[in-house]
Undergrad: 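Take a look at the following structure, please.
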Amino acid sequence: RERERAREPQGAEKPLQPAFGSPGNCVVPVAIKYNKIFVDAFWNSRDQSFPRHLFSLMTAWATVCDVWYMDPQYLQEGESSTAFAARVKEMIAKCVALLCCCCCLFVMLCFLMCMLSLSLCVVPVAI
């Protein structure tokens, strides 16, 4: 190998592969949804500690997943990579009957839920 590298001229690296944004590339979406038959695969930190959740996962009989393979999707003419990703994400969400929301909205909802739970715990004191 060292001899082969010595023969190659400097700067003769292989060209970079194009990013996904090329029109000919294909994506086959796969939707995976955990089934709660034997164990809940998602950790809810309010319900149980992480070691307890890990113990329940390790001692469960099985972790069951429902898997859907969808039709291949191609980048359409004039469609940006971001729009393509959003379209595929929406397809997956519809397939598994989940709400499709942007990440910023999810963070904002979590923040609001946290603020509401804190405001319910606060007892007003009259001065």
Undergrad: Kindly compute the distance separating CD (Gln48) from CZ (Phe55), expressed to the nearest 0.5 Å.
TA: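 Atom-to-atom, Gln48:CD and Phe55:CZ are 11.5 Å apart.
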
Undergrad: Is there side-chain contact between Tyr34 and Asp40, with heavy atoms separated by less than 4.5 Å?
TA: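 In short, these two side chains do not touch, never coming nearer than 4.5 Å.
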
Undergrad: Consider only side-chain heavy atoms of I, L, V, M, F, W and Y, link residues closer than 4.5 Å, and tell whether Val64 and Trp61 are in one cluster.
TA: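 Looking at the clustering, Trp61 is in the same group as Val64.
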
Undergrad: Is it true that, when you exclude Phe38 itself, more than 12 heavy atoms of the residues, nucleotides or ligands shown sit nearer than 6.0 Å to its CZ?
TA: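 Atom CZ in Phe38 is packed in, count exceeds 12.
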
Undergrad: Can you tell me if CZ on Arg52 sees more than 12 non-hydrogen neighbours from other groups inside 6.0 Å?
TA: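 Open: at most 12 neighbouring heavy atoms sit under 6.0 Å from CZ of Arg52.
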
Undergrad: Output, in order, the C-alpha distance, side-chain angles, deciding distance and verdict of side chain to side chain contact (heavy atoms under 4.5 Å, CB included) for Met70 and Cys95.
TA: CA-CA 9 Å; Met70 292 181 262; Cys95 184; 4.1 Å; yes

Undergrad: With clusters defined by side-chain heavy atoms of hydrophobic residues (ILVMFWY) lying less than 4.5 Å apart, directly or transitively, does Trp43 cluster with Met58?
TA: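 Yes.
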
Undergrad: Indicate yes or no for a side-chain donor-acceptor contact from Lys33 to the backbone of Asp66 under 3.5 Å, with no hydrogens or angles considered.
TA: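 No, the answer is negative, given that no donor and acceptor are paired below the 3.5 Å cut-off.
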
Undergrad: For the residue pair Val30 and Trp68, establish whether any side-chain heavy-atom pair is separated by less than 4.5 Å.
TA: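 Answer no - side chains too far apart.
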
Undergrad: Flag yes if Met91 and Val67 sit in one hydrophobic cluster, no otherwise; membership is Ile, Leu, Val, Met, Phe, Trp, Tyr, and two members link when side-chain heavy atoms are under 4.5 Å apart.
TA: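 In one cluster: no.
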
Undergrad: To the nearest 0.5 Å, how far apart are CG in Leu57 and CZ in Phe50?
TA: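 Nearest 0.5 Å value for the CG-CZ distance: 8.0 Å.
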
Undergrad: Compare every heavy atom of Leu75 with every heavy atom of Ser80, then report the nearest pair and how far apart it is.
TA: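 Looking at all heavy atoms of both residues, the closest pair is O-CD1, 3.8 Å.
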
Undergrad: What is the minimum heavy-atom distance between Ser56 and Val39, and which atoms define it?
TA: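 Scanning both residues, the minimum pair turns out to be O-CG2, 3.8 Å.
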
Undergrad: For a 4.5 angstrom cut-off between non-hydrogen side-chain atoms, does Pro29 reach Gln73?
TA: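 They are in side-chain contact.
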
Undergrad: Go through the steps to decide whether Phe84 and Val27 satisfy the test side chain to side chain contact (heavy atoms under 4.5 Å, CB included), and finish with yes or no.
TA: CA-CA 10 Å; Phe84 174 76; Val27 167; 4.0 Å; yes

